[in-house]
Amino acid sequence: MDSSANQLMNRPILASIHTAAFRHNLRRIRELAPQSKIWSVIKAKAYGHTLEAALAGLESTDGFAILDIQDAQWLRAHGWQGRILLLEGIFQKEVLSLAEELKCDLVVHSELQVQWLEAYQGSSEHGLSIFLKLNSGMNRLGLRPTEYRTAFHRLHAAGYRMHHMTHFANADRVDRLPSVGEQMECFQEAIAGLEAPTSLANSAAILWHRNTLGDWIRPGILLYGVSPTGIYADIVRSDFQAVMHLRSEIIDIQEIKKGEHIGYGGRYEAPEDMRIGVVAGGYADGYPRHAADGTPVWIEAAGDDGVGVICPIAGQVSMDMITVDLRNAPNARVGSLVELWGNEIPVDDVAQMSGTIGYELLCALASRVPVKVI
Ligand SMILES: *Cc1c(COP(=O)(O)O)cnc(C)c1O
């Protein structure tokens, strides 16, 4: 994938995944929650970063949390011997024996799953461990408080190792319901007297609701160095590093006249004579088509005195290309390195200019973009 021959043949776009940044971010999370064990959440191909990179960079985690049992197979095949949590449990009861073989921890979020596990227990001796999920107000997955205690007793009686789990709807903001406080109250009431380890906190709760940490935290987005709120300023002082750097190059430069229009729909009209850089990267690479004029890119050594500069995109993002206002970049030339997001340009900033959050852009990195794990 990253052989130099391929590098020569490919368009210049490349996503580099920095395992040192993974290690740094995991260490930061441990500092924030030294008493808790960590489920590193690597669903959606590790938020677009690849399982390979996650395993390489996060090997000192206590466990990996995933959705697809195929990812558990992959992790075991590649030597991971620690714990693996299936975040939505199993989708068919026939998969239980495979989950056990792979030594997965299972989330149980529904009465149906409780029944599958009760039936399974009858057939064999096993060591399955369960994270029983309470719907404490988000109303997505989870047992309602009235069903929770009975389910806990049933599974406990069936011999499973039990844990309590819930998930917050609004750990990243204070102006929405249900609040973390309400959900915590619901959780405490539901688990009262039922002795078992707990798991509640996602990235936002780890940062901003320190009373929720419990025994197992479940960070996702922070491992990747991206903000849970979608706004980079909210984590800028917390010392996390971007793991994915999406970079490309200028492949052509247009000299355009005042009043001329750029790209599909002629969205951008030149306010003066200016240079426009054409960058190899478009929505078929996962760069958002909704990015507004003004969305920043960074161009290496393109400024006065050869410093890196931030330039705004100008014109509609197309399938394979982005056009950039080079008025700020007198030294930009064909072949200049351009960062679309990463170290210099937080993916959150691109997301904000596109009406979405960093999570979505990371997960949407297109399969045609070569990935290099370093
Ligand atoms: C995705 C997910 C997380 C991680 O959320 P972040 O906001 O990325 O930290 C934690 N818990 C559950 C149940 C999830 O589905």
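Hydrogens, waters and symmetry mates are skipped; everything else that's a heavy atom, side chains included, is used.
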Any donor-acceptor N/O pair, [X] side chain to [Y] backbone, under 3.5 Å:
{"X": "H78", "Y": "W74", "result": "yes"}
{"X": "E339", "Y": "E344", "result": "yes"}
{"X": "H163", "Y": "I130", "result": "yes"}
{"X": "H164", "Y": "L194", "result": "yes"}
{"X": "N170", "Y": "D175", "result": "no"}
{"X": "R275", "Y": "A329", "result": "yes"}
{"X": "R28", "Y": "S238", "result": "yes"}
{"X": "D62", "Y": "I38", "result": "yes"}
{"X": "R76", "Y": "L102", "result": "yes"}
{"X": "Y148", "Y": "L132", "result": "yes"}

Checklist entry - What residue pairs, at least two apart or across chains, pass salt bridge (Lys or Arg N to Asp or Glu O under 4.0 Å) with a residue in residues 280-299? => result R11-D285, R267-D293, D285-R368

Cut-off 3.5 Å, no hydrogens considered: what does the side-chain donor-acceptor table look like for residues 210-228, sequence neighbours left out?
unit_1	atom_1	unit_2	atom_2	d
R210	NH1	L32	O	2.9
R210	NH1	I206	O	2.9
R210	NH2	L32	O	2.5
T212	OG1	H209	O	2.7
D215	OD2	T198	N	2.9
D215	OD2	T198	OG1	3.3
R218	NH1	T166	O	3.3
R218	NH1	S199	O	3.1
R218	NH1	S199	OG	2.9
R218	NH2	T166	O	2.9
R218	NH2	H167	ND1	3.0
R218	NH2	L200	O	3.3
Y224	OH	V41	O	2.8
S227	OG	T229	N	3.1
S227	OG	T229	OG1	2.8
S227	OG	I231	O	2.9

Item to check | salt_bridge(R154, E111) N-O dist < 4.0 Å | outcome: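 Yes, charged N to carboxylate O under 4.0 Å.
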
Checklist entry - Got a salt bridge between K45 and D68, using NZ or NE/NH1/NH2 to carboxylate O under 4.0 Å? => result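 No.
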
Next on the checklist: Side chains of N135 and H109 only: does a donor on one sit below 3.5 Å from an acceptor on the other?
Outcome noted: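 No - no donor-acceptor pair under 3.5 Å links their side chains.
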
Next on the checklist: Applying side-chain contact (heavy atoms from CB on, under 4.5 Å), can you list everything that pairs with A169, at least two apart in sequence or on another chain?
Outcome noted: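 Testing A169 for side-chain contact (heavy atoms from CB on, under 4.5 Å), a comparison that skips the adjacent residues, returns M138, P178, Q183.
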
Next on the checklist: Checking M274 now: which residues fulfil side-chain contact (heavy atoms from CB on, under 4.5 Å) with it, not counting sequence neighbours?
Outcome noted: I256, Y268, A270, P271, I276, D325, R327

Next on the checklist: Ring centroids only, cut at 6.0 angstrom: are F168 and W208 within range, meaning strictly under it?
Outcome noted: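 When the ring centroids of F168 and W208 are compared, they turn out to be at least 6.0 Å apart.
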
Next on the checklist: To the nearest 0.5 Å, what is the distance between CZ on R27 and CD1 on I29?
Outcome noted: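 Rounded to the nearest 0.5 Å, the CZ-CD1 separation comes to 11.5 Å.
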
Next on the checklist: Distance check, rounded to the nearest 0.5 Å: Y232 atom OH versus Q352 atom CD?
Outcome noted: 13.0 Å

Checklist entry - Applying the 4.5 Å side-chain criterion to the ILVMFWY set and letting contacts propagate, would L87 and Y359 be lumped into a single cluster? => result yes

Checklist entry - With side chains defined as the heavy atoms from C-beta onward, is the minimum distance between N25 and Q241 less than 4.5 Å? => result yes

Item to check | Of all pairs that satisfy ring pair (Phe, Tyr, Trp, His ring centres under 6.0 Å), the ones with a partner from residues 79-107, not counting sequence neighbours | outcome: F64-W80

Checklist entry - Among all residues two or more places apart in sequence or in another chain, which pass the salt bridge (charged side-chain N to carboxylate O under 4.0 Å, His left out) test with D305? => result none

